[in-house]
Amino acid sequence: MTLKIYNTLARDKVDFKPIEPKKIRLYVCGMTVYDYCHIGHARVLVSFDVITRFLRSQQWDVEYVRNITDIDDKILNRADENGEVYTDLTERFIHAMHEDEAQLNVLPPDQEPRATAHMDGIIDMVSQLIDKDFAYQANNGDIYYRVNKFENYGQLSGKNPDELLSGARIEIGEAKEDPRDFALWKAAKPNEVYWDSPWGAGRPGWHIECSAMSKSCLGATFDIHGGGPDLPFPHHENEIAQSEAANGCKFVNYWMHAGAVRVDGEKMSKSLDNFFTIRDVLKKYHPEVIRFLIVSSHYRSAINYSEDNLIEAKSGLDRFYQTLKKCMHIEPTALVSLSASTYYPRFVEAMNDDFNTRIALAVMYDLVKEVNSLGEGDENLTSTLIAELKAMANILGVLQADPVEFLQAGSTNDGLSADEIEAYIAERQQAKLDKNYARADEIRKLLIEQKIVLEDSREGTTWRKE
RNA sequence: GGCGCGGUGGCAGAGUGGUAAUGCAGCGGAUUGCAAAUCCGUCAACGCCGGUUCGAUUCCGACCCGCGCCUCCA
């Protein structure tokens with residue numbers, strides 16, 4: 001079965017062909033660490049986590065690199081505002097990011113390079129670009145990339161270089177030869193952190209670090225480069241210009257871009273100041289709810305972030321966990337023995353088709369329906385199906401919680417304690433035995449007001465939070 | 001203005017040149033002391049106008065609407 005990937009460069013879904021058989025080298029643009037991660041970041045994190053998990057499940061040898069930008073104007077400005085050393089700021093938010101990732105069940109990448117640890121590679125690449133005349137030092141000391149010299153500029157984003165020229169803003173005191181040129185190296189301002197270079201003290205521009213880090217971690221040419229929806233221009237366009245000019249070879253074969261997260265129909269972003277951080281949402285919802293919301297639509301389509309959508313994601317998960325609850329302690333089926341499954345091949349087919357997680361989920365719902373409709377006597381089949389379900393869930397990185405705990409966690413942390421609830425259930429049980437249904441119903445009603453739903457079965461009464 | 005993406009049932013969200021998945025919600029039934037959960041059944045959708053075609057939601061063109069990038073942003 002062939003893997004199809006939507007390649008932004010081709011603007012089409014195409015068959016994936018690796019550089020090396022069964023090997024995939026993947027680089028994803030990570031965070032600039034000056035604040036907490038928001039839901040948009042979560043989407044990129046989760047999407048590429050699902051992608052790598054799936055690829056590995058299909059025996060692809062994935063080398064996943066996701067960088068950290070730990071030197072940048074925003075970082076220095078924020079550190080300045082806080083009156084702290086910039087490295088204290090970045091360390092703090094890197095730590096916070098790792099915590100958020102762990103909460104969302106995002107596996108760490110194989111390599112997580114930081115810009116400040118790759119200064120030699122960055123300086124080397126800038127030197128090469130200067131040597132090849134693709135870069136120059138302006139009279140303000142900055143080094144700029146000479147966009148006009150790179151023939152295919154605009155290929156990824158579909159921009160026409162001439163139109164970019166006419167539309168470009170010209171800053172006051174502009175030192176560039178051409179308004180489209182972008183900084184590779186910024187000369188140090190007084191009292192600013194700096195690194196020494198052949199062109200004087202300074203620090204790298206944003207784009208060059210990804211070119212240098214990807215080369216160092218994966219080589220001059222690699223298979224897939226991913227990132228958020230706002231990166232094709234200018235960031236990725238500039239990466240292509242830098243890497244291909246410096247290395248003299250193709251940079252990346254496939255470009256993948258996640259869709260936007262919107263709030264009230266507008267893009268959620270730091271610059272619009274309409275973002276929700278991951279930790280904001282985790283105060284109210286189980287982390288799997290966020291992950292499920294992301295996986296519930298295709299990674300490229302825009303998703304709307306709203307309370308309603310979170311509640312719906314929770315409901316969807318509840319359905320899975322209700323089924324899982326019936327059959328605890330079953331281990332997922334080994335992937336190799338899943339060929340006989342009626343569901344798994346459909347799941348794989350969907351995922352191989354540009355990672356269609358929504359259809360993968362539909363397959364899992366179909367399986368749940370079959371399990372739920374089986375009678376008591378079909379325990380073997382039930383176990384088999386549940387094990388298959390778990391194997392698929394592991395690929396999506398969902399359904400990792402204990403079913404009872406998940407169902408009882410609900411969407412809030414306030415209200416009655418488990419002991420209090422159990423006491424009410426015991427009292428209601430006695431009332432039922434006494435045929436005092438008025439009192440039994442009164443208790444249930446009282447609990448409903450606290451968002452506690454009771455479920456009676458032959459084995460007794462269980463509860464969950466709405 | 002340039003480039004690009006999208007408009008599918010009440011909501012969310014796939015997909016297809018020929019009976020349009022799946023989930024949530026609704027309705028009817030089974031089950032239950034009554035519920036909940038679950039099962040069975042059921043209602044209901046392809047922005048608008050042309051074209052190609054035996055046949056279009058799917059392909060082509062125009063239009064309307066929404067969104068993204070064009071500046072730091074995942």
State whether the aromatic ring of Tyr365(A) stacks on the base of G23(B), taking stacking to mean ring centres under 5.5 Å apart and ring planes under 30° to each other. no
Using heavy-atom distances to pick each residue's nearest nucleotide on RNA chain B, tell me which of Val453(A) and Ala362(A) is more 5'. Ala362(A)
Verify, without hydrogens or angle tests, whether Asp223(A) (side chain) and Leu26(A) (backbone) share a donor-acceptor contact under 3.5 angstrom. no
Measure from the side-chain heavy atoms of [X] and tell me the nearest of [options].
| X | options | answer |
| --- | --- | --- |
| Glu312(A) | C24(B), C72(B), A74(B) | C24(B) |
| Pro229(A) | G2(B), U38(B), A74(B) | A74(B) |
| Met31(A) | A12(B), A74(B), C34(B) | A74(B) |
| Ile359(A) | C72(B), A74(B), A21(B) | A21(B) |
| Arg444(A) | A74(B), A21(B), A35(B) | A35(B) |
| Asn372(A) | G2(B), A74(B), U38(B) | U38(B) |
| Ala440(A) | A74(B), G33(B), A37(B) | G33(B) |
| Asp366(A) | C73(B), C24(B), U22(B) | U22(B) |
| Arg464(A) | C70(B), A36(B), C39(B) | A36(B) |

Say we look at A35(B) and C43(B): how far apart would their C1' atoms be, to the nearest angstrom? 25 Å
Could you measure between the two P atoms, the one in C46(B) and the one in A36(B), and give it in whole Å? 33 Å
Does a side-chain N or O of [X] approach OP1 or OP2 of [N] to a distance below 4.0 Å, or not?
| X | N | answer |
| --- | --- | --- |
| Asn356(A) | G15(B) | yes |
| Trp463(A) | A36(B) | no |
| Arg358(A) | A21(B) | no |
| Thr461(A) | A36(B) | no |
| Lys445(A) | C34(B) | no |
| Arg319(A) | U22(B) | no |

May I ask which nucleotide in the shown strands pairs with [N], Watson-Crick or G-U wobble, both distances under 3.5 Å?
| N | value |
| --- | --- |
| A20(B) | none |
| G1(B) | C70(B) |
| A25(B) | none |
| A62(B) | none |
| A36(B) | none |

Using a heavy-atom cut-off of 4.0 Å across all strands, would you classify [X] as base, sugar-phosphate, or nothing?
| X | value |
| --- | --- |
| Arg428(A) | base |
| Lys432(A) | base |
| His235(A) | nothing |
| Arg43(A) | nothing |
| Val363(A) | nothing |
| Gly259(A) | base |
| Ser297(A) | sugar-phosphate |
| Ala258(A) | nothing |
| Gly40(A) | base |
| Ser301(A) | sugar-phosphate |
| Leu454(A) | base |

Atom [atom1] of [X] and atom [atom2] of [N]: how far apart are they, to the nearest Å?
| X | N | atom1 | atom2 | value |
| --- | --- | --- | --- | --- |
| Leu324(A) | A37(B) | CG | C1' | 15 Å |
| Lys159(A) | G2(B) | NZ | P | 13 Å |
| Ile303(A) | G7(B) | CD1 | C1' | 18 Å |
| Lys369(A) | A21(B) | NZ | P | 13 Å |
| Asn67(A) | A74(B) | CG | C1' | 11 Å |
| Glu266(A) | G68(B) | CD | P | 6 Å |
| Phe292(A) | U22(B) | CZ | P | 15 Å |
| Asp456(A) | U31(B) | CG | C1' | 13 Å |

Establish, yes or no, whether a centroid distance under 6.0 Å links the rings of Tyr254(A) and Phe16(A). yes
Hey, do the aromatic rings of His41(A) and His38(A) have their centres closer than 6.0 Å? yes
Polar contact flag, side-chain donor to acceptor under 3.5 angstrom, Asp434(A)-Gln430(A): yes
Does a donor on one side chain and an acceptor on the other come within less than 3.5 Å for Tyr299(A) and Asp354(A)? yes
Do Arg300(A) and Tyr6(A) form a cation-pi contact, if we require the NZ or CZ to be under 6.0 Å from the six-membered ring centre and within 45 degrees of the ring's axis? yes
First locate atom CG of Asp100(A), then atom OG1 of Thr277(A), and finally report the distance between them rounded to the nearest 0.5 Å. 7.5 Å
So CZ of Arg444(A) and OH of Tyr424(A): to nearest 0.5 Å the spacing works out to 15.5 Å
Is there a donor N/O on one and an acceptor N/O on the other, under 3.5 Å, for the side chain of [X] and the base of [N]?
| X | N | result |
| --- | --- | --- |
| Asp441(A) | G33(B) | yes |
| His257(A) | A74(B) | no |
| Ser271(A) | C73(B) | yes |

Phe93(A) pairs by ring pair (Phe, Tyr, Trp, His ring centres under 6.0 Å) with which of Tyr36(A), Tyr86(A), Tyr34(A)? Tyr36(A)
